[in-house]
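Let me begin by presenting the structure, written as structure tokens, before commenting on it.
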Amino acid sequence: MTLNLPQLRAFLAVVDAGGFSAAAAELGMSQSAVSHAVASLERELAAPLLIRAHPVRTTALGERVLPHARMALSAVRSVEQIAADATGTMTGTVRLAATPTVCQGLVPGLLRHWREDQPRITVRVFEGDSGEVAAWLEDGTADAAVLIDPPPAAARAFPHADPGIQLATDEYRALLPRDHPLADEPGVDLRDLEDDPFLISPNGCEDRVRTLHRRAGLRFAPTHRVRDLATLIRMVQAGIGVTVLSEVSRSLIPADLVLLPLKPQTSRRLVLTGPQTRPWHPALRTLAESAAGHLAPTTARPAEGRPLPSGTR
């Protein structure tokens, strides 16, 4: 049996892209070449790996092969990094996953910086909710992610894995219309908003906002649950209610709304990291170190206070 990297790379691209034509565009190959590579892999294994439907799905065997194929390519990337580190020619494409607020409030500045500081590295962004982002990182759909409050080393399955770079400590704020009676105050106590209709987005922040209400001695009973951030902001603009958003959302807030410090105070950590169960993409360490150098020293730091390790984890 003779397997090769182009076969595995084509197989993974089809799975991740959901089809042969999208995988061909991703790899810069013809669709027939991708199809031939996957078919030759299936011949070597004497069984189909994919169900050729829309979208393409893995067979039971394909599902078992998938993590090993990802590990094989990760090992190759590690070898590539050794050479790239030696020659200073780091290249590659890194797939970065993040939540909508992080994608809109933090990622654009990072992309602009990386494009200037690391022009040979391409970053592709995948937007999803907190659960999707974590799952994409661990199943290999994404190479990197900005995670919200990842667990400390002691709670991880691999406690010696690289914790990544903490990009920001993101404080939670009250979002009010500018004509709200409390809009001109230096800060807002959550208890003072008890009579306002409360809006919430269930994408990752609801548990924290629920905890804030409990700390303030308030019953958590949102009037509306809104998935889309733009819709949430528009409803506050329309005077339908108030909400709580994180500081990273500030650049998205229109002039007729205010984002004010909130009591009780709470925050979340935004950490740029790679997977904990397999080697990092060889270019991710370069991007993490570049991000740490770009952001303010008091903002970007190793996620658990340790020096940045050299090499890929």
Side-chain angles (χ1 to χ4, degrees), residues 5 8-9 12-13 16 26-27 67 69-99 102-103 106-128 130 132-148 150-151 153 156-168 269-295 299-304 306-313:
L5 291 173
L8 297 177
R9 190 172 286 114
L12 291 178
D16 292 341
E26 171 72 19
L27 295 173
R70 294 197 192 281
M71 290 178 64
L73 289 187
S74 292
V76 170
R77 287 169 176 166
S78 296
V79 173
E80 292 171 345
Q81 181 177 16
I82 293 172
D85 285 345
T87 60
T89 57
M90 181 60 68
T91 62
T93 298
V94 174
R95 297 164 298 179
L96 174 68
T99 62
V102 174
C103 277
L106 185 65
V107 169
L110 284 174
L111 292 177
R112 183 174 58 249
H113 168 71
W114 284 331
R115 186 176 58 195
E116 297 171 354
D117 190 58
Q118 299 294 330
R120 296 170 64 89
I121 300 175
T122 299
V123 179
R124 294 184 57 209
V125 175
F126 292 74
E127 183 182 276
S130 296
E132 288 173 328
V133 167
W136 291 340
L137 182 62
E138 291 310 320
D139 71 15
T141 301
D143 305 303
V146 179
L147 297 183
I148 297 170
R156 294 196 298 257
F158 294 83
H160 298 296
D162 189 342
I165 297 296
Q166 183 171 320
L167 300 175
R269 296 178 301 117
L270 304 181
V271 177
L272 174 64
T273 189
Q276 300 299 311
T277 57
R278 65 181 188 281
W280 282 20
H281 187 292
L284 177 53
R285 170 52 48 194
T286 300
L287 293 179
E289 292 172 346
S290 175
H294 167 62
L295 298 171
T299 302
R301 57 183 182 274
E304 294 177 10
R306 301 204 298 265
L308 287 174
S310 59
T312 300
R313 295 293 190 272

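- Side-chain contact between Val107 and Leu111 is present, with at least one heavy-atom pair separated by less than 4.5 Å.
- In this structure, the side chains of Ile148 and Thr99 come closer than 4.5 Å at one or more pairs of heavy atoms.
- When all heavy atoms of Cys103 and Pro108 are compared, the pair lying nearest together is O-CD, 2.9 Å.
- Smallest separation of non-hydrogen atoms from Val133 and Gly128: CG2-O, 3.6 Å.
- The side-chain heavy atoms of Trp280 and Thr273, taken from C-beta on, include a pair separated by under 4.5 Å.
- Among all heavy-atom pairs drawn from Leu27 and Ala13, the shortest one is CD1-CB, 3.6 Å.
- Annotation: side chain of Gln118 is in contact with side chain of Thr286 (closest heavy-atom distance under 4.5 Å).
- Here the straight-line distance linking atom CZ of Arg115 with atom OG1 of Thr122 works out to 11.5 Å at 0.5 Å rounding.
- Smallest separation of non-hydrogen atoms from Glu138 and Pro275: OE2-CA, 3.6 Å.
- Side-chain contact between Arg9 and Leu73: present, with at least one pair of heavy atoms (C-beta onward) separated by less than 4.5 Å.
- Between Leu96 and Phe126 there is no side-chain heavy-atom pair separated by less than 4.5 Å.
- Minimum heavy-atom separation, Ala69 to Leu8: CB-CD2, 4.1 Å.
- Under a 3.5 Å cut-off, the side chain of His281 and the backbone N or O of Gly274 do not form any donor-acceptor pair.
- Here the side chain of Arg269 pairs a donor or acceptor atom with the backbone of Pro150 at under 3.5 angstrom.
- For the side chain to side chain contact (heavy atoms under 4.5 Å, CB included) test with Leu287, the passing option among Val94, Ile165, Asp117 is Val94; the others fail.
- Between Leu284 and Asp143 there is no side-chain heavy-atom pair separated by less than 4.5 Å.
- In terms of modelled atom types and a separation under 3.5 Å, the side chain of Trp114 and the main chain of Val123 share no donor-acceptor contact.
- Using a 4.5 Å heavy-atom cutoff, the side chains of Leu167 and Leu110 are in contact.
- Using a 4.0 Å cut-off between charged nitrogen and carboxylate oxygen, Asp16 and Arg70 count as a salt-bridge pair.
- Contacts of Glu26 classified as salt bridge (charged side-chain N to carboxylate O under 4.0 Å, His left out), with partners at least two apart in sequence or in another chain: Arg124.
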